Protein chains: 2
Amino acid sequence: MDEYIKPVITTQALRRMPYYIQQLRMLQNENIETVSAPKIAELLNLNEVQVRKDFAAVSSSKGKPKAGFSVTELITNMENLLGYNNAEEAVLVGAGSLAHAILTYEGFKTYGLKIVAAFDINSAYIGTEINGTKVISAEKISDLCRRMKVYIGIITVPASQAQIVCDQLVAGGVLAIWNFAPIRLSVPDHILVQNENLAASLAVLSKHLKEKMNYL
Amino acid sequence: MDEYIKPVITTQALRRMPYYIQQLRMLQNENIETVSAPKIAELLNLNEVQVRKDFAAVSSSKGKPKAGFSVTELITNMENLLGYNNAEEAVLVGAGSLAHAILTYEGFKTYGLKIVAAFDINSAYIGTEINGTKVISAEKISDLCRRMKVYIGIITVPASQAQIVCDQLVAGGVLAIWNFAPIRLSVPDHILVQNENLAASLAVLSKHLKEKMNYL
DNA sequence: ACAATATCAATATAAAAATACTGATAAAGT
DNA sequence: ACTTTATCAGTATTTTTATATTGATATTGT
């Protein structure tokens, strides 16, 4: 017997979802009810087929020829997929300016992430609040994560301390780490690390720019 | 006749370079002269073959069996490739907390990026300095970019204003844009856009975490 | 009712990236 | 000198991702 195989959503498709959601919300505000894959592709500078496949992978119903997909339904499906509705709690380690930026960024609420505590080793910061989030001594990382059952940790400390912090988070039962430090963390197999390395992005940018300049 | 074909460095390899550089510098500090691909692979949790290919793609000399590659030479080659030595000038638009984090981040100097001016529309910011960089009225973007021959623009404004800012940068002759706003910019073909979307990274993280949680 | 058309779905192909395999070689040990 | 071994380089395979092609179908206009 044939089983129903839920389409696998690839990592790259996942990365495109927030763009789709953003665009679809804009259409929704204009009271547009249905949209076609080619239309979205045009708006976001993507390939038409790619968009259609992404939609097919998340959509609970099929697209209709000549009309396309239901805007509202796509939004709902994507938001559910990404968990925008049931916020996950996270802790943040490091209270520097990047941490500030992250804690100040209101967008995360929408994205289903709620930062419940920030840690730092600098006693000057401890006890203060950043945008409503308390800064706590880094000694308490493991303990607090375990007690609060927090599964996401965000690391914004300097490279030299990132691995130490990472180990503490893992000891506290954290399962996923969003790492802004420019090093590759070593973690047990079952821990998920998402690296956010500005240097890496910049490398791509400046190399490509350099190639471009050679033509001038 | 056979021409020498310089190995093409793929985008993904490029993204790995900063990690290599960082690791190699650490080895250099320990006065280690040569290193093998498997060793680096182990330190960075990468595949051995992948590392060797990346090294082969940038290295000006070959690796030696049993010894590996010259640490110093690899660093030099990679730094030259990424332009860490001859800094490119860039401007930043948007003086919010993310801009603060970027302007405060000392690392960019090392990475060959020099931010020469910051722009904002908020008159409260204009005229102030952030970590030594002056904040200038956003009206002057095009003009100043053109006069200073700046080719890199960094966008940290809210999504709603990103496209406007982008157009101004392009009008000012900027060729590469580093976009932190969560939208896809539309630009002429010859303009390079590198998107840095926190929502996209978070989407990957939380989806994978959710799958993980289903097993518990 | 019928033809034209935009769009879809499914399959096929291509491109990019990661990983595996195989034989060669320089250094180290016997 | 010979053998062993770690590592390399090159080629092959696999996986992932993107794009192209083909035929089907719902809607619109005649």
Side-chain angles (χ1 to χ4, degrees), chain A residues 2 4-17 19-20 24 27 32-71 73-74 77 184 195 200 203-204 207-208 211, chain B residues 2 4-17 19-20 24 27 32-71 73-74 77 184 195 200 203-204 207-208 211:
Chain A
D2 293 342
Y4 169 72
I5 296 159
K6 195 183 171 187
V8 177
I9 290 136
T10 65
T11 303
Q12 297 309 310
L14 219 42
R15 299 185 65 87
R16 286 187 289 269
M17 292 300 156
Y19 291 107
Y20 292 140
L24 289 166
L27 296 174
I32 293 166
E33 287 179 5
T34 58
V35 72
S36 69
K39 181 68 190 169
I40 292 288
E42 190 204 320
L43 290 168
L44 299 180
N45 291 306
L46 296 171
N47 179 285
E48 167 196 333
V49 181
Q50 189 175 59
V51 174
R52 193 174 299 122
K53 298 233 150 142
D54 288 348
F55 284 7
V58 293
S59 182
S60 50
S61 65
K62 292 198 164 189
K64 277 188 189 171
K66 199 91 180 187
F69 298 80
S70 155
V71 172
E73 196 179 294
L74 280 177
N77 292 154
R184 288 184 65 95
N195 289 303
V204 177
K207 178 72 192 334
H208 286 167
E211 272 162 19
Chain B
D2 294 341
Y4 168 72
I5 297 158
K6 194 182 172 187
V8 178
I9 289 135
T10 64
T11 304
Q12 297 308 309
L14 218 42
R15 299 185 66 87
R16 287 188 288 270
M17 292 299 157
Y19 291 107
Y20 293 139
L24 289 166
L27 295 174
I32 293 166
E33 287 179 6
T34 59
V35 72
S36 69
K39 181 70 189 164
I40 293 287
E42 190 204 320
L43 290 168
L44 299 180
N45 292 308
L46 295 170
N47 179 285
E48 167 196 332
V49 181
Q50 189 175 59
V51 174
R52 192 174 300 121
K53 299 238 149 140
D54 287 349
F55 284 7
V58 294
S59 183
S60 49
S61 66
K62 290 198 165 190
K64 278 187 187 173
K66 200 93 180 183
F69 298 80
S70 155
V71 172
E73 197 178 293
L74 281 177
N77 292 153
R184 289 185 64 94
N195 289 302
V204 178
K207 178 71 195 331
H208 286 167
E211 271 162 21

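Computed from a prediction, not measured in an experiment: that's the story for all the values here. Convention: sequence-line order gives letters A, B, ...; per-chain numbering from 1.
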>> If the cut-off is 4.0 Å, is B:Ser36 near the phosphate of D:dA6, judged by side-chain N/O to OP1 or OP2?
In response: no
>> Please confirm whether the shortest side-chain N or O distance from B:Thr10 to OP1 or OP2 of C:dA16 is below 4.0 Å.
In response: no
Whole angstroms only, please: what is the [atom1]-[atom2] distance between [X] and [N]?
X: A:Gln50; N: C:dC8; atom1: CD; atom2: P; answer: 14 Å
X: A:Ile9; N: D:dT17; atom1: CD1; atom2: P; answer: 12 Å
X: B:Asn45; N: C:dA18; atom1: CG; atom2: C1'; answer: 16 Å
X: B:Asp54; N: C:dA16; atom1: CG; atom2: C1'; answer: 14 Å
X: A:Glu48; N: C:dT7; atom1: CD; atom2: C1'; answer: 8 Å
X: B:Glu33; N: C:dA27; atom1: CD; atom2: C1'; answer: 16 Å
X: B:Lys64; N: C:dA28; atom1: NZ; atom2: C1'; answer: 14 Å
X: B:Arg15; N: C:dA16; atom1: CZ; atom2: P; answer: 17 Å

> A:Lys39 or B:Arg16: which one's nearest nucleotide on DNA chain C is closer to the 5' end?
Replying inline: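 With A:Lys39 and B:Arg16 compared, the 5'-side residue is A:Lys39.
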> Is the side chain of A:Ser59 donor-acceptor paired with the backbone N or O of A:Lys62 at a distance under 3.5 Å, no angle test?
Replying inline: no
>> Quick one: does any side-chain atom of B:Arg184 pair with a main-chain N or O of A:Leu44 as donor and acceptor, under 3.5 Å?
In response: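 Yes; at least one donor-acceptor contact below 3.5 Å.
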> In Å, rounded to the nearest 0.5 Å, how long is the span from CD of B:Gln12 to CD of B:Gln50?
Replying inline: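 So the gap between those two atoms works out to 9.0 Å.
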> More 5' along DNA chain D: A:Ala67 or B:Val49, using each one's nearest nucleotide?
Replying inline: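 Per heavy-atom nearest nucleotide, the more 5' residue is B:Val49.
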>> By nearest heavy atom, map A:Pro65 and A:Leu46 onto DNA chain D; which one lands nearer the 5' end?
In response: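 Of the two residues, A:Leu46 wins.
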>> Would you say that more than 12 heavy atoms from the other residues, nucleotides or ligands in this model lie under 6.0 Å from the NZ of B:Lys64, or not?
In response: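 Atom NZ in B:Lys64 is not crowded, with 12 or fewer foreign heavy atoms closer than 6.0 Å.
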Base, sugar-phosphate, or nothing for [X], non-hydrogen atoms under 4.0 angstrom?
X: A:Lys53; result: base
X: B:Phe55; result: nothing
X: A:Ala37; result: sugar-phosphate

>> I need the minimum non-hydrogen distance between A:Ser60 and A:Glu73, along with the two atoms involved.
In response: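 A:Ser60 and A:Glu73 have their closest heavy atoms at OG-OE2, 3.2 Å.
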> If you take atom types as modelled and just measure distance, does the side chain of A:Lys66 reach the base of D:dT28 with a donor-acceptor pair under 3.5 Å?
Replying inline: no
